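Below is one structure; the comments refer to it alone.
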Protein chains: 2
Amino acid sequence: MYTYEYPRPSVTVDIVVYGYDGGKQLKMLLIERGGEPFKGHWALPGGFVDLDEDLETAALRELEEETGVKDLFVEQLYTYGAVNRDPRGRVISVAYFSLVNLQDHPAVASSDATKAEWFPLNELPELAFDHSDIIKKANERLAAKVRYQPIGFELLPAEFTLGQLQQLYETVLNVESFNKRNFRTRILRTGILEEVGRQQNVAHRPAVLYKFNQETYKKLAEQRDGGVLRRALDFEI
Amino acid sequence: MYTYEYPRPSVTVDIVVYGYDGGKQLKMLLIERGGEPFKGHWALPGGFVDLDEDLETAALRELEEETGVKDLFVEQLYTYGAVNRDPRGRVISVAYFSLVNLQDHPAVASSDATKAEWFPLNELPELAFDHSDIIKKANERLAAKVRYQPIGFELLPAEFTLGQLQQLYETVLNVESFNKRNFRTRILRTGILEEVGRQQNVAHRPAVLYKFNQETYKKLAEQRDGGVLRRALDFEI
DNA sequence: TCAAAAGTGTTCAAGCTACACCCATGG
DNA sequence: CCATGGGTGTAGCTTGAACACTTTTGA
């Protein structure tokens, strides 16, 4: 038992993991809760933070314990602390956000306690706690992020075609289709893609395979953060 | 005394408040700590979250208690939870972010316990805890925010000239000077400014005074969030 | 030889940048 | 009448959007 002079909340982490398999839908990793509250409901992976581990460490640990998915980059999303968000008492949850490609992280371990599953984004079940709020915010973050960062780093396999990249963007931004010509021009102009070969055995003209050049990307990102603004003001209003 | 089956961290809030007075420097609101740890050091306003109040409520309450500043909009910034960030034990802090104009919030109450003061951003003292990390992140957020949101809503008095608005942007983005012509064109094109009069008694051609039109801004923001993208992809890299 | 997807050339309009210039006021 | 900051016209270039077209492969 642990005793304190003032009352303290519990602190948890929840992780929103998006997966992409090349199709027209992103997927999200959910678990079925094995215990109360919300037993039997689907929820985001997550759990209580140990006192001797950082928040991000806790997120990765819980994710692996509950779903078997590991070795991914997470980014903090938002912290949820409404007084009554958890029937067990005051629970403050730090939400994390991650992108993975399903080729690298297909295995979803079903431990004895929990069942884990990838759901298409437009077919999510009803969720426990305020997890649908968290997902809503994560969706907004993703849509914003895709505008200024090459999310393909994480969502696509190491080598991919421009067609796959375009399909991914159309999926994430939920648009019919970009103009192929313009998409290619813009992406290639950035210089963050590097040719690595050609497709084999496809029933059409084989596409050039590309990989992301992390170094070039970092240089460009530094320039941006260093104040070399392409436009003085954007007012993307 | 409060007893729990598992150990729990303490949870605090910290608030980064930027103030603007029309000059070439933004200011930040800091308090001098009256107790240990870091007694006598400067720090962000903040404190422990009560179990029956939301996080944002706690942030506003602590801010008013410590500095007398109230009635402002805050936005969540980031949550800091490194294991050893506080010598008192495991303390997780949810940081908030706010913009105010110093005309409306000049009074900085010095309660018996704490001293509060506005510091120019480039003359900040050494800070307690990991508060300089928090401020660094807040600065990044501010620089990003200014690109896509009219921060003048909060930082300027109700009526202002385009010259003042431009001075603000130059201050926040830390650039020498924008081209006046282009700045005016871009801002006015958005339609979020509304003429409300003219300057009086100035030793030069009196400028038109503007105010922000919140309604027009909301409409535009909804359009943007609703998917009407001005450009398909930005890659502001 | 056909279907399918990759990949290119080019036009037109919109937007950004830069520079030069005029305007109104108080001292 | 001048210093000061407000305010405007416009040329030249860059970028974005759109469309039509050619290329390469396996079946």
Side-chain angles (χ1 to χ4, degrees), chain A residues 22-24 147-148 152 156 159-171 173 175-191 193-211 220 224 227-237, chain B residues 22-24 147-148 152 156 159-171 173 175-191 193-211 220 224 227-237:
Chain A
K24 292 200 186 303
R147 306 290 307 280
Y148 65 89
L156 288 174
E159 303 187 350
F160 53 87
T161 69
L162 287 179
Q164 290 172 323
L165 187 62
Q166 180 169 352
Q167 172 68 57
L168 167 62
Y169 273 86
E170 288 166 4
T171 298
L173 290 173
V175 294
E176 263 309 292
S177 78
F178 292 142
N179 180 289
K180 188 176 40 161
R181 182 65 169 109
N182 303 335
F183 182 84
R184 301 171 75 86
T185 306
R186 291 181 85 136
I187 295 282
L188 291 176
R189 190 181 47 200
T190 65
L193 296 189
E194 200 177 319
E195 285 193 32
V196 288
R198 298 205 146 256
Q199 275 184 326
Q200 305 282 330
N201 304 317
V202 285
H204 54 76
R205 176 171 171 177
V208 171
L209 292 170
Y210 291 90
K211 67 167 186 173
L220 289 168
R224 178 187 54 184
V228 182
L229 304 176
R230 216 180 68 200
R231 277 183 294 278
L233 270 187
D234 217 327
F235 279 123
E236 180 66 54
I237 292 177
Chain B
K24 292 200 188 301
R147 306 290 307 281
Y148 64 90
L156 289 175
E159 303 188 351
F160 53 87
T161 68
L162 287 180
Q164 290 172 322
L165 186 62
Q166 180 168 350
Q167 172 69 57
L168 167 62
Y169 273 86
E170 288 165 5
T171 299
L173 290 174
V175 294
E176 263 309 292
S177 79
F178 292 143
N179 181 290
K180 188 175 40 159
R181 182 66 170 109
N182 303 334
F183 183 82
R184 302 171 75 87
T185 306
R186 291 180 85 136
I187 296 283
L188 291 176
R189 189 182 48 200
T190 65
L193 296 189
E194 199 175 318
E195 284 194 32
V196 288
R198 292 200 153 263
Q199 275 183 326
Q200 305 283 329
N201 303 316
V202 286
H204 53 75
R205 175 172 175 178
V208 172
L209 292 170
Y210 292 91
K211 67 167 187 173
L220 290 167
R224 178 188 54 184
V228 183
L229 304 177
R230 216 180 68 202
R231 279 182 294 278
L233 270 188
D234 218 327
F235 279 125
E236 181 63 53
I237 292 175

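Below, chain A is the first sequence line, B the second, and so on; all start at residue 1. Keep in mind it's a predicted model, so treat the numbers as computed, not measured.
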In Å and rounded to the nearest 0.5 Å, what is the [atom1] to [atom2] distance from [X] to [Y]?
{"X": "B:Leu156", "Y": "B:Lys211", "atom1": "CG", "atom2": "NZ", "answer": "15.0 Å"}
{"X": "B:Arg205", "Y": "B:Gln199", "atom1": "CZ", "atom2": "CD", "answer": "11.5 Å"}
{"X": "B:Ile187", "Y": "B:Leu162", "atom1": "CD1", "atom2": "CG", "answer": "7.5 Å"}
{"X": "A:Thr171", "Y": "A:Gln166", "atom1": "OG1", "atom2": "CD", "answer": "10.5 Å"}

- Query: Do you know the tightest heavy-atom contact between B:Gln164 and B:Glu159?
  - Reply: OE1-O, 4.4 Å
- Task: Measure from the ring center of B:Tyr169 to the ring center of B:Phe183 and say whether it is less than 6.0 Å.
- Result: yes
- Protein-proximity profile, nucleotides 18-27 of chain D, B/S/- by nucleotide at the 4.0 Å heavy-atom cutoff, equals BB---BBBS-
Output the rounded distance in Å from [atom1] ([X]) to [atom2] ([N]).
{"X": "A:Ile187", "N": "D:dG16", "atom1": "CD1", "atom2": "P", "result": "12 Å"}
{"X": "B:Leu209", "N": "D:dG5", "atom1": "CG", "atom2": "P", "result": "17 Å"}
{"X": "B:Tyr210", "N": "D:dG6", "atom1": "OH", "atom2": "P", "result": "12 Å"}
{"X": "B:Arg184", "N": "D:dG9", "atom1": "CZ", "atom2": "C1'", "result": "14 Å"}
{"X": "A:Phe183", "N": "C:dA6", "atom1": "CZ", "atom2": "C1'", "result": "14 Å"}
{"X": "A:Gln199", "N": "C:dA5", "atom1": "CD", "atom2": "P", "result": "11 Å"}
{"X": "A:Leu188", "N": "C:dT8", "atom1": "CG", "atom2": "C1'", "result": "12 Å"}
{"X": "B:Glu170", "N": "D:dG5", "atom1": "CD", "atom2": "P", "result": "13 Å"}

- Task: Report yes if at least one side-chain N or O of A:Arg186 is closer than 4.0 Å to OP1 or OP2 of D:dG16; otherwise report no.
- Result: yes
- Message: Taking 4.0 Å as the cut-off, does a side-chain nitrogen or oxygen of A:Arg189 come that near to OP1 or OP2 on D:dG16?
- Response: yes
